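Notes follow the structure.
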Amino acid sequence: MNRRKFITKTTIAASGVVAASSFLQQTAISQSVPIPSGSGAAVRPLSISTWWHGLEANRVAMEMMQRGGRALDAVEAGVKTAEADDKNQSVGLGGRPDRDGNVTLDASIIDEQGNCGAVAYLQHIVHPISVARLVMEKTPHVMLVGEGALQFALENGFQKTDLLTDASRKEWEEWKKEGKYQPVPNIENHDTIGQIVIDTAGNLSGACTTSGMPFKMNGRVGDSPIIGAGLYVDNEVGGATATGLGELVMRTVGSFLVVELMRNGRSPQQACQEAVMRIANSKIDLTDAQVGFIAVNKNGETGGYSLHPGFDYALAIGDENKMIAAVSFFK
Ligand code: ASP
C-alpha cells in the first residue's frame, strides 16, 4: 500500500496562513470559555492509542480498567505490549537503531494528578515506560537521560538486554550502504505508541514510548519523552499524544497545544486539527513528514488528525476495539 501523498509547497504555505490567522481569532474569542463541564454521559473506561499496535494496548488496558484498575496502571501495561514485541520495529525491543547502530529509547508517562516521568536516550532496557514511571514515583525529577537513566534502571532491578534484532540490524546495514546521512522521516516508519485512557473513576493517564526516528543522529531525542510535546494529560480537561516527525511536534509543543485548545472549548477533533494546522503553517517542506495527534476529553469524546493520509488509531469503548483512519490535512 502506498501511504504517501506528495503535495506542492505552495499549497502547504497558502493553506497554513489561513489556518493560523483563523486560529488566532478563535483563541482570542474563546479565552474566557470555561473548562468543558462533565456531561455525566461519558462512557468509561475508554482507551485510545496510536497505530495498529494500539489495538493490543487498548485490549490490555481495557481489561484492567473493566476490573476496576487505575488508569495509570492500565496505560503502562498497554504500551508495554508494543515495547515487548520484537516484531515492532518502532518501539522498544526490536526498534530500529540510530545511524551508529544504537537502539535508543524515549518514553513518558503522566498520571491523573499531573505527575509525570520521562526517559530519553535510554539503551538496553525493554520497558522504558516503566523506568519513566519510576522516575515519576521515586525521584524528585521528571526526566533522566542516557547513562543516568540506564544506571537508575539497573539500580531498580531492570535487566540489561540487547535490543537490536536481526531484522533491524539488517535494515540498518542496508541503509548504511547508501553511504550518506539522510534519515528520511516518512510515513511508514514513524510508529510511536501513544495511549490515553480514562478509568471507571473518570481519571485520565497517558503514556508514550518509541525508538524514535530510524537512523537518526546519535544523541537525537524526539518529542515522545518531552512532556507537552509527545504527551500531555490534564485530568480536568483531557489528554493528547503525538506520533510522527518529533521535530515538528516539539516546536509547537503539540500535545499541550491540543489539550489547551480543548480547555478553551474545542472538541478533541477540532483541537487535533488546529494543532496540525500550526505545523502545516511552518513553511518547511512537509512532503515526507507525517505528524498525527489523537485526543480525548474528560467526557470521553475523541479525535484524531494528521498531516498526510495513512495515520490510523485504535479506539476502545465498551466491548468495541476498532481502528479509525484519521482525517488528514493533505488529501
Ligand atoms: N515521534 C517520534 C519521534 O520523532 C517518532 C514516531 O512517532 O514514530 O521520535
Side-chain angles (χ1 to χ4, degrees), residues 3-4 48-54 57 79 82-83 85 87-99 102-109 118-123 128-129 132 143 145-146 149 163 168 171 182-196 206-232 240-258 272 275-276 278-279 282 284 286 288-295 304-308 310-314 326 328:
R3 296 159 84 188
R4 298 193 200 186
I48 185 168
S49 309
T50 55
W51 303 109
W52 282 85
H53 44 216
V79 300
E83 288 182 337
D85 180 359
K87 303 281 178 298
N88 184 332
Q89 290 180 278
S90 51
V91 182
L93 178 64
R96 294 183 185 86
D98 67 14
R99 65 176 180 176
N102 310 301
V103 181
T104 71
L105 306 177
D106 299 337
S108 59
I109 193 160
V119 289
Y121 197 85
L122 175 61
Q123 296 183 68
I129 198 66
M143 178 185 267
V145 307
L163 302 177
S168 285
E171 280 192 25
Q182 195 179 32
V184 179
N186 62 31
I187 293 169
E188 290 82 359
N189 56 21
H190 266 267
D191 293 356
T192 293
I193 186 158
Q195 181 175 18
I196 312 282
C208 185
T209 174
T210 189
S211 51
M213 183 195 288
F215 319 131
K216 59 200 173 188
M217 286 178 71
N218 183 21
R220 182 266 188 187
V221 168
D223 59 314
S224 307
I226 309 296
I227 302 300
L231 178 71
Y232 198 69
T241 185
T243 180
L245 182 56
E247 281 72 6
L248 293 175
V249 177
M250 283 192 274
R251 56 196 275 169
T252 48
V253 201
S255 295
F256 181 75
L257 175 61
V258 172
C272 290
V276 166
R278 280 282 181 102
I279 292 168
S282 62
I284 62 173
L286 300 171
D288 265 335
Q290 176 66 306
V291 169
F293 290 103
I294 56 171
Y305 200 87
S306 58
L307 261 181
H308 292 278
F311 170 47
D312 308 308
Y313 58 97
S328 58

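Just so you know, residue 1 is the first one in the sequence shown, and it goes up from there. Every heavy atom of this structure was used, including side-chain atoms; hydrogens, water molecules and symmetry mates were not. In each ligand, atom 1 is the first atom listed, and ligand 1 is the first ligand listed. For clarity, every value in this text was computed on a predicted model and none was experimentally measured.
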note = Note: Gln195 and Ala57 closest approach over all heavy atoms is NE2-O, 3.2 Å

note = Going by the 4.0 angstrom heavy-atom rule, the piece of Ser224 near ligand 1 is side chain

ask   = When you look for heavy atoms under 4.0 Å from ligand 1, do you find them on the side chain of Arg220, its backbone, both, or neither?
value = side chain

ask   = Quick check: does Asp191 get an N/O under 3.5 Å from an N/O on ligand 1?
value = yes

query = Taking only residues two or more places apart in sequence, or in another chain, which ones meet Val253 in a side-chain contact (heavy atoms from CB on, under 4.5 Å)?
reply = Phe256

query = Is any N or O atom of Thr192, backbone or side chain, closer than 3.5 Å to an N or O atom of ligand 1?
reply = yes

Test side-chain contact (heavy atoms from CB on, under 4.5 Å) applied to Asp106 and Val221, Val119, Asp223, the passing residue = Val221

message = Polar contacts were defined as any N/O atom of the residue lying under 3.5 Å from an N/O atom of the ligand; does this apply to Gly246 and ligand 1?
response = yes

inquiry  = Could you tell me if Thr210 and Thr192 have a donor-acceptor pair between their side chains, going purely by distance under 3.5 Å?
reply    = yes

query = How about Asp312 and Trp52: does a side-chain donor come under 3.5 Å of a side-chain acceptor?
reply = yes

inquiry  = Has Asn102 got a side-chain atom pairing as donor or acceptor with Thr104's backbone, closer than 3.5 angstrom?
reply    = no

query = What atoms of ligand 1 come closer than 4.0 angstrom to any heavy atom of Gly212?
reply = 9 (O)

ask   = Any salt bridge between Lys216 and Glu247, counting N to O under 4.0 Å?
value = no

remark   = Restricting to heavy atoms, the pick from Ile226, Asp223, Leu248, Val291 nearest atom 3 (C) of ligand 1 would be Asp223

inquiry  = Does the residue Lys216 have a heavy-atom contact with ligand 1, meaning some pair of atoms that are separated by less than 4.0 Å?
reply    = no

key: Within-cut-off N or O pair, Asp106 and ligand 1, under 3.5 Å   = no

ask   = Met213 heavy atoms, cut-off 4.0 Å: which ligand 1 atoms fall inside?
value = 9 (O)

task = Output the list of atoms in ligand 1 that are nearer than 4.0 Å to some heavy atom of Thr243, sorted by atom number.
result = 6 (C), 7 (O)

inquiry  = Less than 4.5 Å apart, side chain to side chain, heavy atoms only: is that true for Thr243 and Trp51?
reply    = yes

task = Please say whether Gly244 places an N or O atom under 3.5 Å from an N or O atom belonging to ligand 1.
result = yes

